[in-house]
Amino acid sequence: RLIGDPQLVQERVASNAAPRNAYFSVSSTGTIVWRSGTAVTSQVTVFDRKGNRIGTAGTSVSAEIISLAPDEAHILVSSRAGSWVMESNGPGRTSLGLALPTLWSPDSSGMIGVRGTEIVQRSANGSQETRLFAGLPVSGVRLLLHDISTDGRRILYREGTALLSFSLDGDGRSEHVVDQRVDNAAMSPDGTWTVYHPY
């Protein structure tokens with residue numbers, strides 16, 4: 001059991017807020033090793049389709065997922081440390097606080113995320129306005145959003161080892177897409193196909 005007061009062992013230990021890792025280890029004999037440094041952050045940089053650098057978005061931040069809005073005017077940056085909206089070529093950023101990952105709505109007006117068993121849409125303009133959709137089926141398993149259809153009517157999400165499609169029209173129905181652990185799932189523009197990476 002842990003007893004006594006905490007004591008400082010070492011300062012300036014490198015860390016990464018996205019996966020919540022600090023780079024140190026302790027042996028069974030009590031020897032400690034660490035990598036010196038600071039928290040790892042990233043500067044989002046924007047390029048055109050020819051590879052020319054256009055500029056930077058926001059300030060340096062912990063980033064796991066970067067998503068360009070359909071209208072290309074804003075960028076969504078998400079990690080376990082939080083979610084932010086940045087202008088494609090501007091200095092500021094707006095904190096959202098939605099669960100990871102978060103999707104852009106097809107019209108770029110907001111982002112969609114999971115809060116408990118609810119699907120929540122948050123405005124992209126920085127206001128606290130939210131919209132609730134019909135709740136996801138309650139299972140107690142962590143849910144991860146993957147994609148939203150171009151018409152905004154269905155989402156792809158992962159529940160445990162299953163990839164499912166859920167209607168946002170209010171009927172509360174989920175349909176199995178594949179019973180396999182997958183990552184990076186996305187729907188085709190016409191909604192008839194799903195591409196994913198099995199693992």
Side-chain angles (χ1 to χ4, degrees), residues 15-21 40-42 44 57 61-72 74-86 93-124 129-199:
S15 64
N16 189 336
R20 296 180 181 173
N21 288 339
V40 176
T41 58
S42 303
V44 179
V61 69
S62 172
E64 282 186 85
I65 295 176
I66 300 175
S67 177
L68 185 65
D71 64 5
E72 301 186 3
H74 293 85
I75 297 171
L76 174 66
V77 179
S78 301
S79 76
R80 290 175 179 84
S83 298
W84 301 270
V85 174
M86 305 175 180
R93 71 185 191 196
T94 301
S95 178
L96 294 177
L98 284 178
L100 171 76
T102 308
L103 308 173
W104 281 103
S105 60
D107 62 1
S108 302
S109 65
M111 287 68 58
I112 296 174
V114 170
R115 186 176 65 190
T117 59
E118 298 175 323
I119 304 171
V120 181
Q121 179 170 324
R122 176 84 172 271
S123 175
E129 178 184 356
T130 59
R131 174 187 176 191
L132 294 179
F133 295 94
L136 290 165
V138 178
S139 66
V141 178
R142 184 183 178 209
L143 307 176
L144 293 174
L145 296 186
H146 280 273
D147 196 16
I148 184 169
S149 61
T150 53
D151 61 9
R153 299 177 63 182
R154 300 193 70 81
I155 62 168
L156 275 179
Y157 72 97
R158 196 178 81 208
E159 178 184 28
T161 59
L163 182 66
L164 301 101
S165 172
F166 181 77
S167 172
L168 295 175
D169 291 337
D171 59 11
R173 291 185 295 112
S174 289
E175 299 176 358
H176 274 74
V177 177
V178 61
D179 284 313
Q180 181 179 4
R181 188 179 293 276
V182 304
D183 204 356
N184 302 319
M187 285 181 274
S188 62
D190 62 5
T192 59
W193 294 91
T194 300
V195 62
Y196 57 87
H197 171 217
Y199 70 96

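The chain is numbered in sequence order, starting from 1. All heavy atoms count here, side chains included; hydrogens, waters and symmetry mates do not.
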Identify every side-chain donor-acceptor pair in residues 191-199 under 3.5 Å, counting partners at least two apart or on other chains, and give the distances.
from : atom 1 : to   : atom 2 : distance (Å)
T192 : OG1    : D190 : OD1    : 2.8
T192 : OG1    : D190 : OD2    : 3.1
Y199 : OH     : R158 : NH1    : 3.3

Side-chain donor-acceptor distances from residues 175-186 under 3.5 Å, at least two apart:
from : atom 1 : to   : atom 2 : distance (Å)
E175 : OE2    : R173 : NH1    : 3.4
H176 : NE2    : D179 : OD1    : 3.4

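In this structure, CE in M86 is found 13.0 Å from CG in L68, a value given to the nearest 0.5 Å. Expressed to the nearest 0.5 Å, how far OG of S83 lies from CE of M111 amounts to 8.5 Å. In this structure, the separation between CG on L145 and CZ on F166 is 10.5 Å, given to the nearest 0.5 Å.
Qualifying side-chain contact (heavy atoms from CB on, under 4.5 Å) partners for P106, counting only residues two or more places apart in sequence or in other chains: I148.
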Open item on the list: For S149 and R154: C-alpha separation, side-chain torsions, deciding distance, then whether side chain to side chain donor-acceptor pair (under 3.5 Å) applies.
Closed with: CA-CA 5 Å; S149 61; R154 300 193 70 81; over 6 Å; no

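Side chain of T150 to main chain of P189: a donor-acceptor pair is present (N/O by atom type, distance under 3.5 Å, no hydrogens or angles).
Shown are I75, V85, D71; of these, the side-chain contact (heavy atoms from CB on, under 4.5 Å) with W104 is made only by V85.
Considering all non-hydrogen atoms of both residues, D147 and M187 come closest at OD2-N, 2.7 Å.
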